[in-house]
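Single-structure report; data block below.
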Amino acid sequence: QVQLVESGGGLVQAGGSLRLSCTASGRNFGNYDMGWFRQAPGKEREFVAAISWTGGTTYYADSMKGRFTISRVNAKNTVYLQMDSLKPEDTAVYYCALDSRVSSWYLATRKDEYAYWGQGTQVTVSS
C-alpha cells in the first residue's frame, strides 16, 4: 500500500509564494510519475502539473505555466510544487497523486489515471 502526505499549504497574499510538499511511503516512489491537482469550492478537481519518475520531464496546465514548478527528490520520497505569483483564483485544496501504471508513455492529466492520492492541503490567496 502507498500513503501520500502533503504539507505546506496556508494563507498568502496575492503575488506571494508557497512551496507544497508531498512525501510518499509504502512503495518504490522513484519508479512512478507524480502529479498535482487542485479543487476549488464548488468546482471539479483539475490538473495542475505532472513529473516523470526520473524528474526529467514535466508538464503543466496552461494557467500554471511560468508560475508553478513541479520537482522531486527521489532520495527523500518527496515531490514539490513551488507556486509563485499567486493569484486569488489559485485558492483551492491541492492534492498530490501517484501514477501507478507500469508503462507510462506520457504524463497523465486525468484524475482516473492516478491511483493514489494525498489528503489535500489548503491554499488560500488573498488580496
Side-chain angles (χ1 to χ4, degrees):
Q1 191 57 260
V2 63
Q3 183 177 11
L4 306 176
V5 180
E6 300 169 328
S7 63
L11 176 65
V12 64
Q13 291 184 331
S17 298
L18 285 173
R19 188 182 72 167
L20 307 183
S21 300
C22 174
T23 300
S25 63
R27 68 193 300 158
N28 191 348
F29 172 80
N31 287 344
Y32 300 99
D33 298 347
M34 296 289 293
W36 286 94
F37 289 74
R38 70 184 185 185
Q39 187 167 21
K43 297 185 177 181
E44 295 185 356
R45 194 169 299 184
E46 65 175 344
F47 172 77
V48 173
I51 187 167
S52 63
W53 65 275
T54 64
T57 304
T58 59
Y59 184 77
Y60 301 90
D62 287 344
S63 62
M64 316 328 163
K65 291 178 181 177
R67 299 190 301 121
F68 290 9
T69 304
I70 188 171
S71 62
R72 67 193 298 164
V73 179
N74 287 347
K76 297 181 179 180
N77 294 336
T78 300
V79 61
Y80 303 95
L81 184 68
Q82 177 67 42
M83 304 185 295
D84 299 318
S85 301
L86 284 164
K87 306 173 182 179
E89 52 263 43
D90 294 320
T91 296
V93 177
Y94 284 72
Y95 301 87
C96 71
L98 183 149
D99 178 1
S100 64
R101 294 174 298 167
V102 175
S103 299
S104 55
W105 299 103
Y106 60 93
L107 293 176
T109 61
R110 285 168 39 179
K111 298 187 297 293
D112 60 6
E113 295 176 303
Y114 290 87
Y116 300 98
W117 296 82
Q119 81 286 356
T121 185
Q122 176 71 47
V123 172
T124 303
V125 184
S126 64
S127 175

So, the side chain of [X] versus the backbone of [Y]: is there a donor-acceptor pair under 3.5 Å, distance only?
X      : Y     : value
Asp33  : Trp53 : yes
Glu6   : Cys22 : no
Thr124 : Thr91 : no
Tyr60  : Arg67 : no
Arg72  : Ser52 : yes

At their closest point, which heavy atom of [X] faces which heavy atom of [Y], and how far apart are they?
X      : Y      : result
Leu11  : Ser126 : CD1-OG, 4.0 Å
Asp99  : Ala108 : OD2-CB, 4.0 Å
Leu20  : Gly9   : CD2-N, 3.6 Å
Tyr116 : Ser100 : CE1-CB, 4.2 Å
Thr78  : Phe29  : N-CE2, 3.6 Å
Ala24  : Leu4   : CB-CD2, 3.5 Å

Practice problem: Step through it carefully: locate the ring centre of Tyr114, locate the ring centre of Phe37, and say whether they are under 6.0 Å apart. | Solution: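 Centroid distance Tyr114-Phe37: below 6.0 Å, so yes.
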
Exercise. Could you walk me through whether Asp62 and Lys65 pass the salt bridge (Lys or Arg N to Asp or Glu O under 4.0 Å) test, one step at a time?
Key: CA-CA 5 Å; Asp62 287 344; Lys65 291 178 181 177; 3.1 Å; yes

Distance (rounded to the nearest 0.5 Å) between [X] [atom1] and [Y] [atom2]:
X     : Y     : atom1 : atom2 : value
Lys76 : Ser21 : NZ    : OG    : 9.0 Å
Ile51 : Thr57 : CD1   : OG1   : 8.5 Å
Ser63 : Phe47 : OG    : CZ    : 10.0 Å

Practice problem: Start with the C-alpha distance between Val2 and Tyr32, add both sets of side-chain angles, then the distance that settles side-chain contact (heavy atoms from CB on, under 4.5 Å), and finish with yes or no. | Solution: CA-CA 12 Å; Val2 63; Tyr32 300 99; over 6 Å; no

Self-check item: Axial cation check for Tyr106 ring with Arg101, 6.0 Å and 45° limits
Solution: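 Satisfied, under 6.0 Å and within 45°.
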
Practice problem: Please step through side-chain contact (heavy atoms from CB on, under 4.5 Å) for the pair Arg38 and Val123, ending with a clear verdict. | Solution: CA-CA 9 Å; Arg38 70 184 185 185; Val123 172; over 6 Å; no

Quiz prompt | Passing candidate, side-chain contact (heavy atoms from CB on, under 4.5 Å) with Tyr94, options Gln39, Met83, Gln122 | solution =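 Of all the options given, the one that passes is Met83.
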
Quiz item: Is it the case that more than 12 heavy atoms not belonging to Glu89 sit under 6.0 Å from its CD atom?
Solution: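 Atom CD in Glu89 is crowded, with more than 12 foreign heavy atoms closer than 6.0 Å.
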
Quiz item: Just checking, any donor-acceptor pair under 3.5 angstrom between side chains of Thr23 and Asn77?
Solution: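 Absent: no donor and acceptor within the cut-off.
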
